[in-house]
Amino acid sequence: MKKAKDLNLGVKILIGLVLGIVIGGILWAVMGAEAAGSFTAKYVKPFGDIFVNLLKFIVVPLVLLSIMDGVISMGDIGKVGKIGWKTVAYFLVTTAIACIIGLIVANLFKGSFPMLELAEGAAYEAKTSNLMDTIVNLFPNNAITPMVNSSMLQIIVIALLFGCGVLVAGEKGKIFGDFISSFNEVTQRVMVFILKVSPLGVFCLMVWVVAAQGPKILGSLGLVLLAAYIGYAIHVVLVYSMSVKIFAKMSPMVFFKKIFPAAAFAFTSTSSVATLPVTKECCDEMDVQHEISSFVLPLGATVNMDGTAIYQCVAAIFLAKCVGIDLTVTQMIMIVITATLASIGTAGTSGAGMIMLAMVLDAVGVPTTYIGIIYGIDRLFDMGRTALNIVGDASCAVCVNEWESRK
Ligand code: ASP
């Protein structure tokens, strides 16, 4: 990917974010939450939606082509395996740590979590997904539907299979490999066009969130939100600072500064997959090799969700408390295991983590309809967890990059 000519993208995104909060706050204060919410939903959010649509449109070719190109440019299938294992091991270990942090923080807060009545209209029709279905659904039964439905895990499987196919085909696969590499380059350019309007998209979405939600939603759910954000913060400080320092020999401050545009973008778009182009751009700035970031980042945006794992643990403890279930140690262990798996199965799109929360609740016997209690403020959880998710992907990319370049 070419470096963005516009070096100030991060600053522009930050300006869009802050302006969005200020204008959204003013609208909320002047018009009241309901009027401000419907006004911004009608006239401001659509511009943010256009931008998010464009990102969603580019993301399927981007993930497919960049993973294929990443695999092809590694040149031999053994290398794909080596980088693949390191990446997956990093993802799994950090996600399991995230779950443990989530559990500890939630347990510290448990005493002050409110016992809530399930309010009228709070019931949420949860779609439960069981573990075996999630595994079987990784494998597409045709090549077209995953693209149409943006089923990212299936697209990754297709990309890995075809990428490895090109490597194994040798000379005969060369034309196809060159075609993919050229197609990938064109897709990256299209993505750069789209990124140019990202500050405006961020601004519009932020105005809408703040105008519609205001401080009222913080109300009695403030504590569980606080618990989740403390968990996110501990994970960033403990796990990511240490891993980039120890494994990537990089100053955590430099890393956080460079990844900031992507984190800010994820915070507003609430989609790791939609943030992928910005994450890639930030990793380019940190000199991560193209073949590594092309492989690690799309994979991470789809399967590595540390923020989601923390959220699912905190939410499970909170909802269990709300319905009066006192969780045993075995159930807590179940939460760590299922939240790790559920976060892997979570699509990198807005609100997906809340749907997969049903799997965690199921495992410990909390009725899934109670997700309705936190449904209304899910976006606030989602903003932080998505930002954490993509910072985790980038930390993996810089670590794998260092491990590989040492060789
Ligand atoms: N929105 C998150 C992401 O894209 C997934 C989630 O809902 O937890 O990373």
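Note that ligands are numbered from 1 as they come in the structure, with each ligand's atoms numbered from 1 the same way. Source: prediction; values computed, not measured.
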Q | Whether Trp403 and Tyr90 hold their rings parallel, tilted or perpendicular, with breakpoints at 30° and 60° | A | perpendicular
Q: Below 4.0 angstrom from a heavy atom of Arg385, which ligand 1 atoms are there? Numbered from 1 as shown, please.
A: 6 (C), 7 (O), 8 (O)
Q: Just jot down the side chain to side chain contact (heavy atoms under 4.5 Å, CB included) partners of Phe255, sequence neighbours excluded, or say none.
A: Val244, Met250, Ile259, Met286, Val391, Ala394, Ser395, Val398
Q) Which of the atoms in ligand 1, numbered in the order shown and given with their element, are less than 4.0 Å from a heavy-atom of Gly353? A) 6 (C), 7 (O), 8 (O)
Q.
Within ligand 1, which atoms have a heavy atom of Asp382 less than 4.0 Å away?
A. 1 (N), 2 (C), 6 (C), 7 (O)
Q) How does Asn389 reach ligand 1, if at all, at less than 4.0 Å between non-hydrogen atoms: by side chain, backbone, both, or neither? A) side chain
Q | Ligand-residue contact atoms, ligand 1 with Met305, heavy atoms, under 4.0 Å | A | 9 (O)
Q. Rounded to the nearest 0.5 Å, what separation is found between the CD1 atom of Ile97 and the CD1 atom of Ile234?
A. 13.0 Å
Q | Those residues that, when tested against Thr40, pass side chain to side chain donor-acceptor pair (under 3.5 Å) (two or more places apart) | A | none
Q) Distance from Leu297 atom CG to Lys280 atom NZ, nearest 0.5 Å? A) 7.0 Å
Q. Which ligand 1 atoms does Thr308 reach within 4.0 Å, using its non-hydrogen atoms?
A. 5 (C), 6 (C), 8 (O)
Q.
At less than 4.0 angstrom from any non-hydrogen atom of Thr270, what atoms of ligand 1 do you find?
A. 1 (N), 4 (O)
(Q) Side chains of Glu291 and Glu404, heavy atoms from C-beta outward: is any pair under 4.5 Å? (A) no
Q. For ligand 1, which atoms have a heavy atom of Ser271 less than 4.0 angstrom away?
A. 4 (O)
Q: Indicate yes or no: at least one non-hydrogen side-chain atom of Ser241 is less than 4.5 angstrom from one of Phe256.
A: yes
Q. Which residue owns the protein heavy atom closest to atom 3 (C) of ligand 1, what's the atom, and how far is it?
A. Ser272 OG, 3.2 Å
